[in-house]
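Below is one structure, written out as structure tokens; the observations come after it.
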Amino acid sequence: MIDVRDLCENPENYRASQRARGADASLVDSIIAADAARKSAISSFEALRAEQKAFGKKVAAAKGEEKQALLAEVKELAAAVKAASTASDEAAGIQDALVRALPNLVSKGVPVGGEEDFVVVKTVGTPREFPDFTPRDHLEIGELIGAIDMERGAKVSGSRFYFLKGVGARLEMALLQMAMDQAIEAGFIPMITPTLVRPETMAGTGFDVAHDAEIYRLAEDDLYLVGTSEVALAGYHADEIINVGEPVRYAGWSSCYRREAGASGKDTRGIIRVHQFNKVEMFVYTTVEKAAEEHARLLAWEEEMLAKVELPYRVIDTAAGDLGMSAARKFDCEAWVPTQDAYRELTSTSNCTTFQARRLNIRERQQADDGGKGTTRAVATLNGTLATTRWIVAILEQHQNADGSVTVPAALRKYLGGMEVFPVL
């Protein structure tokens with residue numbers, strides 16, 4: 001949720017943000033009008049309420065026929081007060097709905113446009129060439145080494161489900177544990193988070209629970225399956241005043257669920273785009289002033305993980321139209337996938353500024369000029385992926401051998417009992 005006061009004072013910033021996203025800039029003017037209507041409705045209600053209180057004293061002092069006449073007027077005034085209260089609530093509701101429909105204010109420097117309008121920040125490493133053999137894709141490799149079983153996943157649960165088994169299961173556990181170890185070393189508090197959350201938590205994080213076809217919902221319980229532990233970690237401090245003198249950092253380990261409703265026909269082979277996966281997610285609460293530098297740290301930690309698994313990758317500055325609802329800026333790390341001859345997203349880190357904190361009412365206490373307690377204000381929140389199931393795709397393809405075996409990246413070997421190669425079975 002954006003700061004309505006700032007929007008009313010600087011509307012062109014928000015109109016420009018909407019235009020950069022390819023979204024409706026007139027929504028900004030609708031919010032300004034709704035805010036004016038809300039204030040007018042509140043003013044009318046408060047004036048009538050004050051009149052009602054003053055009239056009550058007048059009635060108390062009156063006698064006889066005068067009092068009876070005044071009592072009749074009291075009923076009319078009470079009805080007017082009630083109507084004004086209803087009008088005030090309705091105006092507030094209209095404004096709130098409009099504000100909740102407005103995405104976060106895009107940060108300065110974010111590329112304008114949609115999904116394909118990103119800017120490459122840097123490229124690290126060189127895509128591997130295969131002069132001596134034709135590379136296999138991750139699913140063929142996964143089947144050869146007994147790591148992935150899509151057929152039985154589909155039999156048990158339907159399309160886009162799978163089993164990781166043997167070295168596949170061990171690889172994912174090793175990868176996530178290495179990510180968690182790195183996070184702990186960097187000062188993150190490890191968390192195993194709920195994967196079912198209430199609608200207010202999902203909505204507070206920036207997801208449209210009423211219209212988002214990507215979200216699994218348990219209707220009988222009115223709970224939602226999360227697509228990332230970011231949701232639970234964002235809700236962890238909802239309706240709290242917290243100390244962010246130093247950044248508060250959590251690393252969430254969870255299963256994640258996505259319906260992939262808009263992905264019909266895309267990435268149907270293997271485990272690139274699936275309904276269920278596991279992930280270690282970094283989540284940070286900090287001050288508005290420190291958010292940008294913390295964003296840079298999250299990106300650096302993601303790159304550190306990619307270096308450990310020896311993958312060539314690039315970092316992109318995501319265009320405004322592809323930021324989603326909550327992010328003001330987002331950087332993706334995309335690893336090279338040889339058989340697709342393309343870079344594919346493995347990590348994403350977003351600076352959500354105060355957007356989520358305003359929706360979830362998460363604040364910090366400021367210090368007053370005299371050193372005492374000051375007013376409160378919204379904190380900033382950020383998130384970033386440190387490892388997830390999709391990484392297996394790039395690792396298997398990048399480190400494959402001619403016979404279908406896979407050389408284990410050196411940093412992962414201690415998590416795999418010293419195993420150096422995943423052999424063909």
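All values reported here derive from a predicted model rather than from experimental measurement.
The pair K290-E293 does not count as a salt bridge, with every side-chain nitrogen at least 4.0 angstrom from each carboxylate oxygen.
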N/O donor to acceptor pairs below 3.5 angstrom from side-chain atoms of residues 243-257, sequence neighbours left out:
unit_1	atom_1	unit_2	atom_2	d
N243	OD1	G245	N	2.9
R249	NE	E294	OE2	2.6
R249	NH2	E294	OE1	3.0
R249	NH2	E294	OE2	3.3
Y250	OH	H237	NE2	2.8
S255	OG	N278	OD1	2.6

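Atom CZ of R365 has more than 12 heavy atoms from other residues, nucleotides or ligands within 6.0 Å. Residue-environment remark: CD (E289) exceeds the threshold of 12 foreign heavy atoms within 6.0 Å. More than 12 heavy-atom neighbours from other residues, nucleotides or ligands sit within 6.0 angstrom of CG on L218.
Side-chain contact check for T339 and E397: at least one donor-acceptor pair (N or O, by modelled atom type) lies under 3.5 Å. Q356 and E230 are linked by a side-chain donor-acceptor pair at a separation below 3.5 angstrom, with hydrogens and angles left out of the test. A donor-acceptor pair shorter than 3.5 Å cannot be found between the side chains of N351 and S107.
The side chain to side chain donor-acceptor pair (under 3.5 Å) with S348 is formed by just one residue from the set T318, D332, T385, N383; it is D332.
Note: C352 SG to L382 CG = 7.0 Å, rounded to the nearest 0.5 Å. Between atom CG of residue D222 and atom CG of residue L196 there is a gap of 11.5 Å, rounded to the nearest 0.5 Å.
Applying the salt bridge (Lys or Arg N to Asp or Glu O under 4.0 Å) test to K122 and every residue at least two apart in sequence or in another chain returns E303.
When all heavy atoms are compared, the tightest approach of A320 to R21 is O-CG, 3.5 Å. When all heavy atoms are compared, the tightest approach of A411 to K308 is CB-O, 3.4 Å.
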